[in-house]
Enquirer: 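The structure that follows is given in the form of structure tokens.
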Amino acid sequence: MENHDVARIFSKTAKMLEFQNASSYKIKAYNRASYRIKNLKEDINKLHEDDKLDSIPGIGKSFKNKIVDILNTGTFPEYEKISQEIPVNIEELMAIPGMGPRILQSLYKRLGIKNVDDLKEAARTHRIRRLPNMGARKEERILNAIKRYEKRGADRILFETARQIADDIKSILETIPYTKVSVVGSVRRQNEIVNNINFIVTTDYPEDVINCFTQMKGVQTILNEADKWVSIIYNGGIPVDLQIVNDDYFGPTQIHLTGSKEHNIHLQQIASSMNLHLSKFGLINLEDGNKLISKTENDIYQKMGLDYIPPELREDRGEIESAFNGALPELVTADDIKGDLHIHSNWSDGKSTIQQIADEARSLGYEYVAICDHSKSRANASGLSEGQLLRRMNEIEKINNRYDDFRILAGTECDIKANASLDYNSNILEKMDIVIAAIHTGFDEDKKTITKRVVRALENEHVNVLAHPTGRRLGERAGYDVDMDKLMETAKRNNKILEINGSPSRLDLNDINAKTAKEMGIPLAINTDAHWTHDMSRNMKTGINVARRGWLEPKDVVNTQNLDDFCNFMGID
DNA sequence: GCCGTTTTCGGCCCGACTGTTTTCAGTCG
């Protein structure tokens, strides 16, 4: 049992308690415990060993006992009891926007709806509209929501989850002497969502590697164990494969297994046009059958007359042509980033103080950071009233006086309300250094309505940035149905910045949209949407991955500019 | 269910939005 397993059990319990009309504070406590455990830096098993579980904020005596039960038995008594009592698939149904505990109770009692399939069928056959407070529009919304739910990709794994596991496993395997390990597959290409984790290894001690791999902590099941190929299921149901390869074939196998498939097919076509054959065993000259020496990836690309192609670009989206012409982009890196434009402080729903955020930003080598707390309508995210916003500006100014090489910018993540107006009036917005506009309500509105809201915001003179432009949550919900062409045209025409939100479950804009925006000349920002300092470096890395997959260079990203240039660009005094 | 305390209970507890209504029930962040 690891941190995320425990967190998952508590969040599921919270949902079941909601269905049972439990006290909202109890539910909140479960959600808080789940959140804290999920974001814990330490291994929860270690905390248990050290008897420090109740040092976690939000974990008291009761949760401590539950955690110990979970770590020992995989569950806890109350969870088992509630699971027995509730016949419906709460987790699945609550993932549908608009489906809350009250409605689900009524749907179960009156129509016997237990899962998404039941719900879909009931909406389709117009049985839902007969229930109190329901109608034809509600049925329509439910069907739309289910369509988006079906597209959400929940059965796959978030990149950041896979990346952490891959890093852990890699460092374990590398303790074996004379062993070289490479992550390959979609994790190496930094795909936003992956199906599994793949490794290739070259080693003098293959047996040790296989023993180490199959016996590591976290292995749930061993699916296949052969001399050169092992396949396991890791904690959380994540498939992990390992192949042992001959050192001579390390480079070609890396290319072969990193993919993408489309990239490889294109490479193979080019090889055969040169009378070569490319496989995971390397490049062969078809004329004389001699193997060309190609131990590394770079050797292979070079012998085919191509520049080295970074894994993030290997999607056959033009990277091979660019590599041939020496025109690959100089992709943005973490070193290029000079600031972060979207951070929440403890003035709204963030956990860190403005000073802590400034300290972290400076330690990351930034020259500026924008504090963008929620606006007043986001009441339960402690959105700031106009008065609070002005008081927060005073605090920012005080802290800024301590620095001459660093600046905190006063900003807001201002809600775009349902009527397309912004949550603060112009008098307030013009006082801000930076205004990020965002949609947090009405996700199931139709395309026309939602697009109108976004367009109106982008046309507002005070708005600088559009946050998470599609509103998606990977594995949870698809984005709202915004007309992306129109969104981009409007951003371009009004010279607005589009955000690449690096929060691992958002990654929004995605790589493809980021590439389109770059090609249209729309300025982009890589932001973290961090809610505590811990998220600042992690989310920036995942945001940069998206940017790199979208071919972005430093010049395409506004927060690679130094403080002076950025302030000039934004018109900040 | 946690937390803090004038320390073993009382506070935690918003407000916009939607779809159904014509004053409300429920969801969402």
Side-chain angles (χ1 to χ4, degrees), chain A residues 9-11 13-37 53-67 76 78-79 82 90 93-110 123 128-145 344 348-350 373-385 388 413-424 438-446 449-450 453 467-468 471-473 476-477 480 503 505-506 529 531:
Chain A
I9 290 175
F10 285 151
S11 89
T13 311
K15 291 197 167 83
M16 294 194 293
L17 287 169
E18 264 192 280
F19 187 81
Q20 291 189 325
N21 284 333
S23 136
S24 65
Y25 303 112
K26 188 170 172 178
I27 293 161
K28 216 174 173 178
Y30 272 92
N31 280 323
R32 191 173 45 216
S34 170
Y35 178 83
R36 287 294 185 174
I37 292 166
L53 284 173
D54 44 14
S55 70
I56 307 168
I59 304 296
K61 208 174 179 182
S62 165
F63 272 129
K64 182 181 165 182
N65 290 333
K66 291 180 171 62
I67 294 171
F76 64 96
E78 198 180 352
Y79 175 81
I82 307 173
I90 291 291
L93 283 166
M94 279 204 183
I96 308 277
M99 292 295 104
R102 292 286 120 68
I103 290 180
L104 290 177
Q105 275 166 24
S106 154
L107 288 172
Y108 172 64
K109 272 189 202 146
R110 292 171 182 256
I128 292 177
R129 62 179 67 178
R130 295 201 293 265
L131 267 44
N133 290 318
M134 296 289 181
R137 306 250 325 235
K138 190 79 189 175
E139 275 176 350
E140 202 182 309
R141 283 189 156 218
I142 288 173
L143 286 171
N144 280 332
H344 296 265
S348 67
D349 60 345
D373 286 307
H374 286 291
S375 59
K376 61 182 175 184
S377 288
R378 292 265 56 73
N380 217 23
S382 307
L384 268 52
S385 69
Q388 288 174 307
E413 180 181 13
C414 184
D415 258 49
I416 304 169
K417 296 203 288 183
N419 64 7
S421 71
L422 292 174
D423 203 15
Y424 296 122
I439 286 193
H440 295 110
T441 56
F443 283 73
D444 48 359
E445 280 173 337
D446 63 72
T449 312
I450 203 104
R453 287 170 71 189
H468 40 73
R472 71 169 178 175
R473 288 272 196 176
E476 290 172 38
R477 60 166 192 239
Y480 34 74
S503 173
S505 65
R506 287 194 184 268
D529 204 352
H531 283 68

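In this text the structure is predicted, and so the values were computed from the model without any measurement.
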Enquirer: Counting any heavy atom closer than 4.0 Å, what does A:E78 reach on the DNA or RNA strands: base, sugar-phosphate only, or nothing?
Expert: sugar-phosphate
Enquirer: Taking the P atom of each, how far is B:dT21 from B:dA16, in whole Å?
Expert: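 Here B:dT21 and B:dA16 have their P atoms 24 Å from each other.
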Enquirer: Categorize A:A14 for me: base, sugar-phosphate, or nothing, with a 4.0 angstrom heavy-atom threshold over every strand shown.
Expert: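 Nothing: the residue A:A14, judged by heavy atoms under 4.0 Å, touches no strand.
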Enquirer: Pick the nucleotide of DNA chain B nearest each of A:M134 and A:G60; which residue has the one closer to the 5' end?
Expert: A:G60
Enquirer: Would the number of heavy atoms belonging to other residues, nucleotides or ligands and lying under 6.0 Å from CZ of A:R129 be above 12?
Expert: yes
Enquirer: In terms of side-chain heavy atoms of A:Y30, which of B:dG29, B:dG1, B:dA25 is nearest?
Expert: B:dG1
Enquirer: When you get a sec, tell me which of B:dT20, B:dG26, B:dG1 is the closest nucleotide to the side chain of A:R102?
Expert: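 Closest nucleotide to the A:R102 side chain: B:dG26.
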Enquirer: When you get a sec, tell me which of B:dG1, B:dG26, B:dT18 is the closest nucleotide to the side chain of A:R141?
Expert: B:dT18
Enquirer: Describe the nucleic acid contact of A:K64 in one word from base, sugar-phosphate, nothing, applying a heavy-atom distance below 4.0 Å.
Expert: nothing
Enquirer: Answer with yes or no whether the side chains of A:S377 and A:D415 bring together a donor and an acceptor at under 3.5 Å.
Expert: no
Enquirer: Of all residues at least two apart in sequence or in a different chain, which pass the salt bridge (Lys or Arg N to Asp or Glu O under 4.0 Å) check with A:D349?
Expert: none
Enquirer: Do A:R453 and A:N419 have side-chain atoms, one donor and one acceptor, less than 3.5 Å apart?
Expert: no
Enquirer: Scan A:P57 against the nucleic acid and name what it touches under 4.0 Å (heavy atoms): base, sugar-phosphate only, or nothing.
Expert: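 It contacts sugar-phosphate atoms only.
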Enquirer: Applying the Watson-Crick and G-U wobble criteria at under 3.5 Å, what pairs with B:dG10? Answer none if nothing qualifies.
Expert: B:dC3
Enquirer: On a heavy-atom basis, which atom in A:A29 and which in A:F63 lie closest, and how many Å separate them?
Expert: O-CE1, 3.6 Å
Enquirer: Are A:K61 and B:dC3 close enough that a side-chain N or O sits under 4.0 Å from OP1 or OP2?
Expert: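 No, outside the criterion.
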Enquirer: Sticking with atom C1', work out how far B:dT23 lies from B:dG29, rounded to a whole angstrom.
Expert: 25 Å
Enquirer: Distance check needed: B:dG29 C1' versus A:R472 CZ, whole Å only.
Expert: 20 Å
Enquirer: For B:dC17 and B:dC12, measure between their C1' atoms and round to the nearest Å.
Expert: 24 Å
Enquirer: Take atom C1' in B:dG11 and the same atom in B:dT5, then report the distance between them in whole Å.
Expert: 12 Å
Enquirer: Show me the protein contacts with nucleotides 14-17 of chain B, counting only N or O atoms at under 3.5 Å.
Expert:
residue	atom	partner	partner atom	Å
B:dC17	OP1	A:A418	N	3.2

Enquirer: Rounded to whole angstrom, note down the P distance from B:dT22 over to B:dG15.
Expert: 27 Å
Enquirer: Distance check, P atoms only: B:dC9 and B:dC14, in whole angstrom units.
Expert: 26 Å
Enquirer: So, using salt bridge (Lys or Arg N to Asp or Glu O under 4.0 Å) as the criterion, who are the partners of A:E78 when residues are at least two apart?
Expert: A:K26, A:K66
Enquirer: Can you name the nearest heavy-atom pair linking A:I128 to A:E139, along with the distance?
Expert: N-OE2, 3.1 Å
